[in-house]
Amino acid sequence: MTEIADIYKSRLANLDGWRDAGIEPYAEKVKVTHHAGGLQEKYAEIEAGFETGDTVTVAGRIMSVRNNGMFIDLQDHTGKIQIFSHKQNLDPKYMETLKLFDLGDIITVTGKVRRTPRNELTINSEHIQLLSKSLQPLPEKHHGMTDIELRYRKRHIDLTDNEISKDVFIKRSKIITAIRQAMLDEGFLEVETPMMHPIPGGATAKPFVTHHLALDQQLYLRIAPELYLKRLIVGGISDKIFEIGRCFRNEGLSPKHNPEFTSIEAYQAHANYEDMMDLVEKTVQAAVKAVHGTTKVTYKEQEIDFGGSWPRKSMTELVKEKTGVDFLETTDAEEAIKKGRELGLDVPDGSNWGQVVAIAFDEKVEATLIQPTHVTDLPLDISPLAKAKPSNPRLTERFESFINGWEIANAFSELNDPFDQYRRFKAQSEQKDAGDDEAHHFDEDFIETLEFGMPPTGGLGIGLDRLVMLLTDSHNIRDVIAFPTMRPAAAASLVTKMDGKT
RNA sequence: GAUCGCUUAGCUCAGCCGGUAGAGCAACUGACUUUUAAUCAGUAGGUCGAGGGUUCGAAUCCCUCAGCGAUCACCA
């Protein structure tokens with residue numbers, strides 16, 4: 001017999017013990033009057049040895065047991081509190097069932113609150129009862145579950161066990177709530193658009209493909225909600241809309257990339273990219289304040305200040321600062337490629353002017369942008385949905401916001417000229433034909449949408465997972481996604497674990 | 001996709017130059033209504049990630065594969 005089976009069987013025996021005692025081991029709910037955290041706070045000041053006489057009912061998980069079940073550490077979602085089960089207070093019939101408890105069991109306790117002579121806030125149990133039996137062993141109580149892979153695969157254990165992990169997901173929720181609230185405060189309407197697209201659009205990325213049976217139709221999981229949100233702007237449902245939701249990209253995994261990730265996209269009619277910069281600052285600052293109470297955050301021992309108005313610098317200007325090369329002075333792609341290669345950049349043959357600028361920026365500038373910075377005026381070649389800059393048609397009214405060397409936001413004055421959009425899609429589809437499987441698809445329906453007339457509009461996207469990473473000092477995106485995408489676990493280990501259960 | 005590293009009991013980890021598989025916690029039996037990582041005595045628990053090879057002998061050396069991590073590449 002393997003040991004896991006041993007533990008499992010002993011717990012099963014205890015489960016039967018409850019039934020023998022006439023108590024259902026998966027009980028009905030009880031009325032919980034207090035939580036551990038609240039009690040710790042309320043009675044923080046009482047002295048060691050003081051008995052309050054206040055009766056409370058709590059419920060939670062048994063995290064540790066001392067002295068034959070006399071002392072139990074009970075944990076609920078707010079914290080821990082000690083339970084004292086002594087024959088002075090506890091009905092003999094409950095004394096009998098104490099031995100049926102296992103670590104991890106969810107129980108309820110009613111009794112009076114006191115502080116023990118050893119200064120531990122404690123409930124003297126008068127009634128203690130199983131609410132739900134735990135058949136699986138919890139991780140080791142001192143070190144907890146540190147195996148990073150197991151924490152990702154078995155998040156339910158990680159959360160019961162790991163305060164830091166729990167805190168990250170609570171903060172994630174607060175960050176998203178703060179951003180949503182900031183958008184609502186700005187007068188934006190929250191909307192929803194399809195996640196299954198007949199033509200994937202709105203971003204440069206490889207999509208997931210799926211198939212609808214009844215329609216016999218190929219569909220793509222969305223890589224961005226952008227084009228649908230613009231359709232809503234055309235429709236005029238509101239001048240200000242936003243969507244918070246999942247996007248899916250069929251690309252490599254890394255500490256900064258999960259195949260599904262959460263973004264916010266916002267569109268504002270009669271606004272432009274400069275208005276979007278203000279909006280990025282407002283929403284991100286609201287998120288920072290919601291979890292830190294200040295605008296300053298430490299990430300990997302580096303202080304990042306999200307406060308104030310962030311510097312706005314053009315991409316070509318930044319490249320010039322770092323390399324001495326002003327790509328605005330290059331007249332065509334060939335000259336740009338030559339200059340780029342002189343800088344030691346790996347520039348593929350056939351790159352266009354904008355792609356060279358982007359490579360120079362990625363290689364030479366990106367990693368240096370630690371403090372929040374809006375990088376503006378991105379090349380038109382790499383911005384197929386952004387409006388060209390009137391003063392320089394090679395550039396667009398687009399910016400990306402960088403923090404800690406990461407692109408956190410991407411925004412622009414939306415291209416609303418259907419003729420221009422037609423030409424951009426055409427250029428993209430030529431790139432696609434040339435073998436670029438990330439180039440945008442040609443979306444005729446979207447062209448038609450623009451033909452109805454879209455007002456001048458500013459659009460914005462923010463990657464929320466990365467923002468959560470920054471605000472929780474998390475160094476892997478999997479630490480901020482409750483159930484990150486994982487390869488299937490080795491079959492053998494799972495089967496072994498299941499063996500004992502039958 | 002490339003390089004490097006990790007994988008030993010349910011959990012956390014030792015295991016050196018190849019020589020019978022180890023500890024703590026958890027579990028089980030017993031003692032004690034006593035605590036703060038409770039204590040004491042005892043018991044049990046292993047396909048050493050998987051497969052192959054070298055060897056008299058492999059957790060250990062070699063090869064292949066898998067999962068995970070870090071870095072790089074693509075991307076947000």
Side-chain angles (χ1 to χ4, degrees), chain A residues 1-11 13-14 63-73 80 82-90 95 98-99 102-104 116-122 135-154 157 161 202-206 223-224 247-265 346 358-359 362-363 366 400-403 406-410 436-438 461-467 469 475-479 484 486-497 500:
Chain A
M1 197 200 301
T2 65
E3 190 198 341
I4 178 70
D6 225 1
I7 293 175
Y8 196 88
K9 282 191 177 170
S10 119
R11 287 173 177 235
N14 285 342
M63 296 308 284
S64 70
V65 174
R66 293 178 292 281
N67 296 11
N68 239 357
M70 187 159 70
F71 295 94
I72 288 173
D73 285 341
K80 283 186 186 176
Q82 178 169 272
I83 308 301
F84 179 67
S85 297
H86 195 278
K87 56 189 174 189
Q88 280 179 348
N89 307 300
L90 190 59
M95 282 301 291
L98 275 183
K99 63 178 186 291
D102 290 301
L103 293 188
T116 66
R118 304 207 186 201
N119 206 29
E120 187 74 30
L121 193 69
T122 297
L135 296 172
Q136 296 282 0
L138 286 177
E140 199 267 348
K141 70 178 173 183
H142 311 308
H143 303 90
M145 191 168 70
T146 61
D147 183 312
I148 196 88
E149 179 180 350
L150 273 181
R151 289 179 41 211
Y152 296 151
R153 289 190 193 279
K154 310 250 179 206
I157 305 176
D161 192 61
T204 306
K206 279 174 272 188
I223 54 175
C247 295
F248 308 86
R249 298 193 183 172
N250 206 341
E251 289 162 352
L253 291 78
S254 88
K256 294 214 301 273
H257 299 84
N258 196 65
E260 51 178 315
F261 63 98
T262 300
S263 72
I264 175 169
E265 285 202 11
D346 186 15
I359 290 167
D362 288 351
E363 295 285 319
E366 193 176 64
E400 293 181 331
S401 307
F402 285 83
I403 304 172
W406 302 348
E407 182 195 330
I408 289 294
N410 178 21
D436 182 353
D437 54 4
E438 292 183 359
I462 301 176
L464 295 181
D465 306 278
R466 287 188 184 174
L467 185 61
M469 287 174 71
H475 303 161
N476 189 316
I477 196 167
R478 290 175 160 178
D479 294 323
M486 302 286 281
R487 285 195 171 84
S493 65
L494 286 180
V495 169
T496 308
K497 284 174 185 168

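Throughout, protein chains are lettered first and strands after them, A, B, ... in sequence-line order, and every chain is numbered starting at 1.
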Whole-Å distance between [N] [atom2] and [X] [atom1]?
| X | N | atom1 | atom2 | value |
| --- | --- | --- | --- | --- |
| A:I7 | B:G45 | CD1 | C1' | 9 Å |
| A:E366 | B:A73 | CD | P | 10 Å |
| A:R487 | B:G1 | CZ | C1' | 10 Å |
| A:M63 | B:A26 | CE | C1' | 13 Å |
| A:H143 | B:C13 | NE2 | C1' | 8 Å |
| A:N67 | B:A38 | CG | P | 9 Å |
| A:L150 | B:G49 | CG | P | 15 Å |
| A:N250 | B:A76 | CG | P | 14 Å |

Span that lies between the [atom1] atom of [M] and that of [N], in whole angstrom:
| N | M | atom1 | value |
| --- | --- | --- | --- |
| B:A70 | B:C16 | P | 28 Å |
| B:A27 | B:C62 | C1' | 39 Å |
| B:C48 | B:A59 | P | 7 Å |
| B:G10 | B:U47 | P | 8 Å |
| B:C4 | B:A9 | P | 26 Å |
| B:G52 | B:G45 | C1' | 29 Å |
| B:G53 | B:A14 | P | 30 Å |
| B:C74 | B:C17 | C1' | 45 Å |

Does [X] reach a base, just sugar-phosphate, or nothing at all? Heavy atoms under 4.0 Å.
| X | answer |
| --- | --- |
| A:N258 | base |
| A:G144 | sugar-phosphate |
| A:E120 | base |
| A:S85 | base |
| A:Q88 | nothing |

*RNA chain B: 5'-proximal contact among A:I477 and A:L103 (nearest heavy atom)*: A:L103
_For A:P117 and A:E251, find the nucleotide of RNA chain B closest to each by heavy atoms; which residue's nucleotide sits nearer the 5' end?_
A:P117
Can you tell me if [X] touches the phosphate of [N], counting only side-chain N or O atoms and a distance under 4.0 Å to OP1 or OP2?
| X | N | value |
| --- | --- | --- |
| A:K141 | B:A38 | yes |
| A:R118 | B:U36 | yes |
| A:R11 | B:C28 | no |
| A:R66 | B:U35 | no |
| A:S10 | B:A27 | no |

_Checking understanding here: a glycosidic angle within 90° of 0 is syn, the rest anti, so what is B:C13?_
anti
_Nearest heavy-atom neighbours spanning A:P255 and A:H475_ = CB-O, 4.0 Å
*Specify the closest pair of heavy atoms between A:Q82 and A:T122, including all atoms of both residues, with the distance to one decimal.*
NE2-OG1, 3.0 Å
Which nucleotide, in any strand shown, forms a Watson-Crick or G-U wobble pair with [N], with both distances under 3.5 Å?
| N | result |
| --- | --- |
| B:C40 | B:G30 |
| B:U7 | B:A66 |
| B:G19 | B:C56 |
| B:G46 | none |

*A:F261 on top of B:A76's base, within under 5.5 Å and under 30°?*
yes
So which protein N/O to nucleotides 69-72 of chain B N/O distances come out below 3.5 Å?
{"unit_1": "B:G69", "atom_1": "OP1", "unit_2": "A:R478", "atom_2": "NH1", "d": "2.4"}
{"unit_1": "B:G69", "atom_1": "OP2", "unit_2": "A:R478", "atom_2": "NH1", "d": "2.7"}
{"unit_1": "B:A70", "atom_1": "OP1", "unit_2": "A:N476", "atom_2": "ND2", "d": "3.2"}
{"unit_1": "B:A70", "atom_1": "OP2", "unit_2": "A:N476", "atom_2": "ND2", "d": "3.3"}

_OG-CD1 distance between A:S263 and A:I462, expressed to the nearest 0.5 angstrom_ = 9.5 Å
_Distance (rounded to the nearest 0.5 Å) between A:Q136 CD and A:D102 CG_ = 12.0 Å
*Is any side-chain N or O of A:T116 under 3.5 Å from a base N or O of B:U36, one able to act as donor and the other as acceptor?*
yes
_Between the side chains of A:D73 and A:R66, is the shortest nitrogen-to-carboxylate-oxygen separation below 4.0 Å, so that they form an ion pair?_
yes
Contact check, side chains of [X] and [Y], non-hydrogen atoms, under 4.5 Å:
| X | Y | value |
| --- | --- | --- |
| A:L150 | A:I157 | no |
| A:I359 | A:D346 | no |
| A:C247 | A:F261 | yes |
| A:L121 | A:K80 | no |
| A:M486 | A:R478 | yes |

*Could you please name the option among B:C28, B:A76, B:G10 that lies closest to any side-chain atom of A:R249?*
B:A76
*Of all the nucleotides listed (B:C28, B:G10, B:A76), which has the minimum atom distance to the side chain of A:E140?*
B:G10
